[in-house]
Amino acid sequence: MAATMAGAAVPPGPPAVAAGRTGSERGPSVTLLENIRGPRDLKALDSAQAGELAEEIRQFLIQAVARTGGHLGPNLGVVELTVALHRVFDSPVDRILWDTGHQSYVHKLLTGRQDFSKLRGKGGLSGYPCREESEHDVIENSHASTVLGWADGLAKARDLLGGSDHVVAVIGDGALTGGMAWEALNNIAAAKDRPLIIVVNDNERSYAPTIGGLANHLATLRTTDGYERFLAWGKEVLQHTPVIGPPLYGSLHGAKKGFKDFIAPQGMFEDLGLKYVGPIDGHDITAVESALRRAKRFHGPVLVHCLTEKGRGYPLALEDEADRFHAVGAMDPLTAEPLAPVGGPSWTSVFGDEIAAIGAERPDVVALTAAMLQPVGLAKFAERFPDRVWDVGIAEQHAAVCAAGLATAGLHPVVAVYATFLNRAFDQLLMDIALHRCGVTFVLDRAGVTGTDGPSHNGVWDLSVLQVVPGLRIAAPRDAGQLRAQLREAVDVADAPTVLRFPKEAVGQPVPAVGRVGGMEVLHRADDPDVLLVAIGVMAPVCLRTAELLAERGVRCTVVDPRWVKPVDEQLAPLAGGHRLVAVVEDNSRSGGVGWAVGQALRDAGTDVPLRTFGVPEQFLPHAKRGEVLADIGLTPVEIAGRISAALARKENET
Ligand SMILES: Cc1ncc(C[n+]2csc(CCOP(=O)(O)OP(=O)(O)O)c2C)c(N)n1
């Protein structure tokens, strides 16, 4: 939507893509894309064909991503940019690096990967760059703001080892809000003669519009194309003016920086020591190619500022102000209606409603998000209390330290992030929040096995890395009622941090309790029980089903939900003592997780009942649906019941 790009050099989009057309109706024009086996084929096209190819790619993306779900808006925005990159550089000798990697679909299409039928599914293409898939993929990331650090390392190594390849890092304006990007820029700018090309893909958005001083600065730079035009005019006119023309042009050009500051506010990038090229219309392949060629010739770090439009060419995405179809589920491409029935309210929406209700009762409760207001469920809170919510950009570390400041001043911050991204803020949670006994609530969405987003998006480390934080309490609610109750308990804690974790997807049926032991809720009990099943959060239904399967084999179980999984409830060891075996089932790494903590608590209490832990093995999990991943790693009732039976049988044999 050109109107949102104030002052930008991006003209209105191409004719709207006929969203309803199916692959088979695409007609003969699709052959251009089909004939691209790799970047070399791309170079054989003339510029008109390159433009046609870009439109074919857009059609392809809309149809393919609608079938499987995936990152649609970001990829529609980088079609021309990616075509230009692969025409100017020689991947894989030259290294093209994608920050975050969610916008690499076009790169995949141009590097021999056109079977999108199982995108993000088991055995299909990954939703991010993936080294197993292609020699053109250098880094597999999905955590934002790392690419400039990678580029700095690759360029340093190239120079030390005597290489001559180009290192090209593509980073979004959203990812550029991350502190890591600035640490890298500081280093990159220090080496004035080390070639490295940074392409800023500026679509003015993360999910929502990018915020903060940097976003404002980029907006200022968007207006500087008047300067580029002035220089071009100067070259044209003055150089052809006899006698005074060429010297005048030379001295103007020599005084470039001061002059540019006069014509348009000059960028901090040049102040930092980076050559700045731009702004370029990122949908004009010829313009992007010419900027990239200029950058390629430059013997130092150079930043090419490309203006693009998220969701380009797909009206339904452009109309969606919330996130321009940043990521979509499988949908009808004509209407964008989801194909799969929505299975009731999501965990995110239950949290979103409850935190908004708490906000109305507690004026001291404030909220922070790292560029994901909508996805983490803070939209309703933000609507009602706009002054009490801050989007800090992709800056989880800053969110945590800022929360420490807010808490110290008497507020209760709720920091809502995806579980996997909390990894970034571990030190700040430990030192700035826990050490200072700040009452801060972390809400971890997408905890556990998330599945289709692949290895880096699973939230299977929080229960392990957070075990070592003194004073921290962690809740793993098993259903919506527990989530509401535990959120309220968490925001009542004023002198220590708390963490609540819950998974993606629908929240499911309530799981009622039949009793209570200490702070734990008993979900199932039997007379003279054999096995104590400790169910962590959403593993409660799995444990209840496991208990049923074991009952069929004559094994009697108690099932408890500890609710607060750190610290281990003091009543757990005495309860365990009345059983022949304890099994902890968690949707987190087995290494250092709740099972490990329960083991330590049992030993400390002198309880020597055998313990089995069921969780995620210490490995990176390939992308597939959550259920498929859980089945592959044995986190199913049948598998757990089988292994518990076997353990009991072994124990029988030993006695
Ligand atoms: C450390 C981290 N925090 C949050 C995210 C979630 N996230 C994925 S993409 C994205 C927005 C990225 O914006 P930008 O870099 O401008 O790329 P665009 O999608 O606009 O092309 C965010 C916040 C992430 N990937 N990594």
Side-chain angles (χ1 to χ4, degrees), residues 9 81 84-85 88-89 94-99 144-159 165-204 210 212-225 227-228 231 253-282 287-308 393-394:
L81 173 58
L85 278 163
V88 171
F89 295 98
D94 292 335
R95 294 161 190 268
I96 303 176
L97 316 171
W98 302 93
D99 198 281
S145 316
T146 64
V147 80
L148 301 185
W150 273 90
D152 187 35
L154 287 164
K156 280 177 169 144
R158 173 202 58 205
D159 289 359
D165 51 288
H166 295 278
V167 176
V168 187
V170 184
I171 183 165
D173 56 301
L176 208 49
T177 59
M180 289 180 71
W182 291 89
E183 293 170 26
L185 277 178
N186 188 36
N187 282 275
I188 289 168
K192 304 259 175 286
D193 55 357
R194 177 172 298 125
L196 190 162
I197 297 156
I198 300 166
V199 177
V200 174
N201 168 33
D202 179 5
N203 57 24
E204 299 180 82
T210 310
L214 172 70
N216 297 343
H217 182 72
L218 288 175
T220 308
L221 291 179
R222 266 174 227 129
T223 64
T224 61
D225 86 331
Y227 161 76
E228 296 292 340
L231 267 194
H253 205 254
K256 188 171 177 174
K257 188 172 171 331
F259 190 59
K260 189 165 182 172
D261 276 342
F262 176 73
I263 298 282
Q266 177 51 335
M268 66 182 149
F269 296 115
E270 287 223 345
D271 291 342
L272 247 170
L274 298 168
K275 164 90 178 144
Y276 172 87
V277 177
I280 311 293
D281 173 358
V288 178
E289 284 181 13
S290 131
L292 292 175
R293 285 208 181 84
R294 258 174 85 191
K296 197 173 168 180
R297 287 194 297 270
F298 193 70
H299 294 288
V302 50
L303 184 145
V304 181
H305 183 187
C306 287
L307 307 182
T308 62
I394 306 182

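Computed from heavy atoms alone, side chains included, the values below leave out hydrogens, waters and symmetry copies. Each residue takes its place number in the sequence, starting with 1.
Considering CG of L274 and CG of L303, their distance stands at 6.0 Å, rounded to 0.5 Å. The CG atom of L154 lies 11.0 Å from the CG atom of D159; values are rounded to the nearest 0.5 Å. Taken to the nearest 0.5 Å, the OG1 atom of T146 stands 6.0 Å off from the CE atom of M180. Put simply, CG on D152 and CD on E183 are 11.5 Å apart, with the number rounded to the nearest 0.5 Å.
Between the D99 side chain and the S145 main chain, a donor and an acceptor come within less than 3.5 Å of each other. Side-chain atoms of R95 never come within 3.5 Å of backbone atoms of D165 as a donor-acceptor pair (strictly under, hydrogens ignored). Between the side chain of D173 and the main chain of N203, a donor-acceptor pair closer than 3.5 Å is present.
Across A291 and V304, no two heavy atoms sit closer than the pair CB-CG1, 4.0 Å. The minimum heavy-atom distance linking I171 with A181 is given by the pair CD1-CB, 4.0 Å. Residues C306 and V199 share a closest heavy-atom pair of SG-CG1, 4.1 Å. Scanning all heavy atoms of the two residues, the minimum distance from R158 to P195 falls at NH2-O, 2.7 Å. Minimum interatomic distance between E289 and A84 (heavy atoms only, all atoms of both residues): CG-CB, 3.6 Å. Residues T308 and G282 approach most closely at CG2-CA, 3.9 Å, considering heavy atoms.
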Next on the checklist: Applying side chain to side chain contact (heavy atoms under 4.5 Å, CB included) to L307 and I280, what does each step give before you reach the verdict?
Outcome noted: CA-CA 6 Å; L307 307 182; I280 311 293; over 6 Å; no
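Within the 4.5 Å cutoff, the side chain of F298 has no heavy atoms near those of the V277 side chain. Between L176 and L148, some side-chain heavy-atom pair lies under the 4.5 Å cut-off. Using a 4.5 Å heavy-atom cutoff, the side chains of V167 and L97 are in contact. Between V288 and V88, every side-chain heavy-atom pair lies at or beyond the 4.5 Å cut-off. Using a 4.5 Å heavy-atom cutoff, the side chains of N201 and W98 are not in contact.
A parallel orientation is assigned to the rings of F269 and Y276, their planes being inclined by less than 30° (bins at 30° and 60°).
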